[in-house]
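Along the sequence shown, residues are numbered consecutively beginning with 1.
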Amino acid sequence: MVGNLDWRPAGGHPDLLAAPVAAAVGAVPDALAAAIDPALADTAAFCEHYAVPLEASANCVIVVARRGGEVAYAACMVLATDRADVNGVVRRHLGARKASFAPMDDATRLTAMEYGGITPVGLPAGWPVLVDEAVAAAPQVVIGSGLRASKLLVPGKALADLPNAATVALAQR
């Protein structure tokens with residue numbers, strides 16, 4: 001197990017998951033969930049307080065891609081030690097002229113998840129999920145649960161196997 005959390009099978013604890021995550025978590029084998037203090041949901045505070053190494057934590061960022069009049073959203077998964085190359089790798093992979101981080105209000109409204117807890121599990125159908133190679137290779141990573149009051153622990157490979165997922169070298173180290 002990772003950190004000093006009380007990990008439990010996620011499928012048996014829908015109270016620890018946002019509604020779209022609870023509906024989709026069955027597709028993530030071996031997913032575990034743990035309650036946390038929502039005031040400590042942000043990565044640095046969470047990792048320090050719960051003794052989770054930064055390299056065992058992965059962040060999900062929602063990106064908006066634009067080309068002509070078309071607007072599309074995607075999720076990017078990178079280790080907490082890295083940053084997603086949104087203007088390079090992500091933009092090219094999505095075939096966009098411009099890509100940027102989605103505004104918080106849009107990200108929370110479109111995902112039905114809380115800011116600071118957004119996760120690739122349970123995203124709207126059709127959204128691409130770009131998983132950095134280091135995340136996909138990790139034996140386990142801590143990710144959001146859709147809520148600020150909990151986290152998920154999943155095999156990195158399970159993220160790479162999500163619908164619409166692609167493993168890409170998208171991190172800036």
Side-chain angles (χ1 to χ4, degrees), residues 17-25 27-28 31 38 40-47 52-138 141-152 154-173:
L17 310 172
V21 179
V25 77
V28 182
L40 299 170
D42 294 332
T43 304
F46 165 79
C47 287
V52 173
L54 282 172
E55 53 277 352
S57 181
N59 291 326
C60 180
V61 294
I62 303 300
V63 173
V64 59
R66 293 180 172 85
R67 182 176 189 92
E70 302 281 321
V71 175
Y73 292 87
C76 299
M77 293 299 303
V78 292
L79 294 178
T81 55
D82 300 330
R83 292 177 13 155
D85 182 3
V86 173
N87 292 313
V89 174
V90 173
R91 180 186 57 76
R92 284 189 301 274
H93 186 84
L94 297 175
R97 186 183 62 74
K98 182 179 180 187
S100 58
F101 295 107
M104 178 180 61
D105 290 345
D106 291 349
T108 57
R109 177 178 48 81
L110 294 169
T111 63
M113 298 181 203
E114 295 176 358
Y115 188 75
I118 294 176
T119 185
V121 179
L123 287 175
W127 280 26
V129 177
L130 306 181
V131 181
D132 183 63
E133 295 169 328
V135 174
V141 288
V142 176
I143 63 173
S145 67
L147 303 174
R148 289 184 62 85
S150 59
K151 293 288 186 180
L152 289 174
V154 299
K157 181 173 179 357
L159 297 175
D161 291 342
L162 288 171
N164 300 318
T167 302
V168 181
L170 63 90
Q172 293 179 323
R173 295 180 171 86

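For Pro163, the side chain to side chain contact (heavy atoms under 4.5 Å, CB included) test picks out no residue, with sequence neighbours left out. Annotation: side chain to side chain donor-acceptor pair (under 3.5 Å) contacts of Ser57 (sequence neighbours excluded): none.
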Atom pairs and distances, side-chain donor-acceptor, residues 79-90, under 3.5 Å, sequence neighbours left out:
unit_1	atom_1	unit_2	atom_2	d
Asp82	OD2	Arg173	NE	3.4
Arg83	NH2	Gln172	OE1	3.4
Asp85	OD1	Gly88	N	3.0
Asp85	OD2	Val89	N	3.4

Donor-acceptor pairs under 3.5 angstrom involving side-chain atoms of residues 108-131: please list them, not counting sequence neighbours.
unit_1	atom_1	unit_2	atom_2	d
Thr108	OG1	Met104	O	3.1
Thr108	OG1	Asp105	O	3.2
Arg109	NH2	Asp106	OD1	3.1
Thr111	OG1	Ala107	O	2.6
Thr111	OG1	Met113	N	3.2
Glu114	OE1	Arg148	N	2.7
Thr119	OG1	Gly144	O	3.1

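Residue pairs meeting the side chain to side chain donor-acceptor pair (under 3.5 Å) criterion with at least one member in residues 157-171, sequence neighbours excluded: Lys157-Asp161.
Heavy atoms only, all atoms of each residue included: Leu40 and Phe46 are closest at O-CB, 3.0 Å. The minimum heavy-atom distance linking Ala96 with Ala65 is given by the pair CB-CB, 3.6 Å.
Using a 4.5 Å heavy-atom threshold, the side chains of Leu54 and Thr43 count as touching. At least one side-chain heavy atom of Leu152 sits less than 4.5 Å from a side-chain heavy atom of Val21. Between Ser100 and Arg66, the closest side-chain pair of non-hydrogen atoms falls below 4.5 Å.
Here Cys76 contributes atom SG and Ile62 contributes atom CD1; the two are 8.0 Å apart, rounded to the nearest 0.5 Å. Atom CZ in Arg91 sits 9.5 Å away from atom CZ in Arg97 (nearest 0.5 Å).
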| request: Any chance you could lay out the side chain to side chain contact (heavy atoms under 4.5 Å, CB included) test for Val25 and Leu17, step after step, and finish with the verdict? | output: CA-CA 9 Å; Val25 77; Leu17 310 172; 3.9 Å; yes

| task | Report the C-alpha distance between Val61 and Phe101 in whole Å, list the side-chain angles of each, state the deciding distance to 0.1 Å, and finish with yes or no for side chain to side chain contact (heavy atoms under 4.5 Å, CB included). | result | CA-CA 7 Å; Val61 294; Phe101 295 107; 4.0 Å; yes

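No donor-acceptor pair closer than 3.5 Å links the side chain of Asp132 to the backbone N or O of Met77. In terms of modelled atom types and a separation under 3.5 Å, the side chain of Lys151 and the main chain of Ala41 share a donor-acceptor contact.
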